[in-house]
Amino acid sequence: MNATIACLPGDGIGPEVTREAVKILSVIAEVHGHAFGFPEHPMGGIAIDTVGSSLPDASLAACREADAVFMGAVGGPKWDDPNAADRPENGILALRKGLELFANLRPVRVQPQLVDASTIKADVVRQVDLVVIRELTGGIYFGPRQEADAEESSAYDTMLYSAPEIERVVRFAADLARSRSGRLASVDKANVLASSRLWRRVATRVLEGYADLDVDHVLVDAMAMHLIRSPGQYDVIVCSNLFGDILTDEASMLAGSMGMLPSASLGERLNSLGRPLGLYEPIHGSAPDIAGQDRANPLAGILSCALLCRLSLGLDREAAAIEAAVDRVLAEGVRTPDIAETGTEVVTTAVMGDLVAAALRA
Ligand code: IPM
Ligand code: MG
């Protein structure tokens, strides 16, 4: 198969983890007889510095033409001026919106070898295998907003959802739940927010068409608690943009580290293979404190490549091979510093990538 994977390395540890992702996809291409291209495009802080925009038009156009997009991470203290006209994070939001990626999948699977790496008790995290579907192109991230005025007296953001925006993401989550265990939890704050009351009504109506599913509506504050108390009871969780942002950082701690969690963002746009054009990225940020030190965990990026193979390229066997290679390397006791425990061997970003590559070739 020929495929073009647009790469947006971004800032901080973004380029380091992108390098390992490309390493792994190159081995996949070599072992399974595919031809993948990895053109790189500027985005984030580096794009503000070099091109003058966090998402240059040419980068967005190239992503639209690609079969899949891989992104490292964006942001850093250099671009943190609250009065700046553009910010690295705007680039991600513009990319999600520009590719109409309304559904963000964040699977949280606890690797058996890492149950003790979590700060939560092993018995609680052992059973975790859930997916959060976060709505990605609406809600408070995109509603009308007013920055603070000169007197710094007030500012606002608006959580705005239309019924079709809610409907399509709930449908997406329900279809996924059907292919898994059949359990779906829809998260909202319907006891307070009007947009959440609409969310609950629309979700209820959509889910009437999925009578086979075991559906629950859970308030977001309660979900924050349940995710720590008894995460094993959840399978698919669907929520709005902001709630998903917060709950997935929390859920990542079940898996031991933000450095372990991949993500995929999908919409209705198809690639040249007739499959969904997706954006794949680790859920972690640019980690400026460890950037350039070869200490970052590349596994979230590498596991995102497995999702990329499966969802945008239809390469199930290759996806499973990547996941198995990661399992094997972890089983050998190899760790990056974020997941290190006594008795494990701590390696660099590049060595972790090399070991996964070697496991793929074995
Ligand atoms: C994420 C990140 C982004 C978000 C930031 C970097 C804009 O936290 O992907 O979860 O809030 O969506
Ligand atoms: Mg986040």
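In each ligand, atom 1 is the first atom listed, and ligand 1 is the first ligand listed.
Defined by atom type and a distance below 3.5 Å, a donor-acceptor pair is missing between the side-chain atoms of E341 and T344. A donor-acceptor contact under 3.5 angstrom links the side chains of S54 and D86, judged on distance only.
The name of the N, O or S atom in D245 nearest to the Mg ion (ligand 2) is OD1.
Under a 3.5 Å cut-off, the side chain of S179 and the backbone N or O of L176 do form a donor-acceptor pair.
Using the six-membered ring where Trp is involved, W199 and Y161 have ring planes that are perpendicular, over 60° apart on the 30 and 60° scheme. Under the 30°/60° scheme for interplanar angles, the aromatic rings of F36 and F38 are found to stand perpendicular.
A salt bridge does not link R87 to D81: none of the charged side-chain nitrogens sits closer than 4.0 Å to a carboxylate oxygen.
Sorted by chain and number, the residues within 4.0 Å of ligand 1 by heavy atom are E89, I92, R96, R106, R134, Y141, D245.
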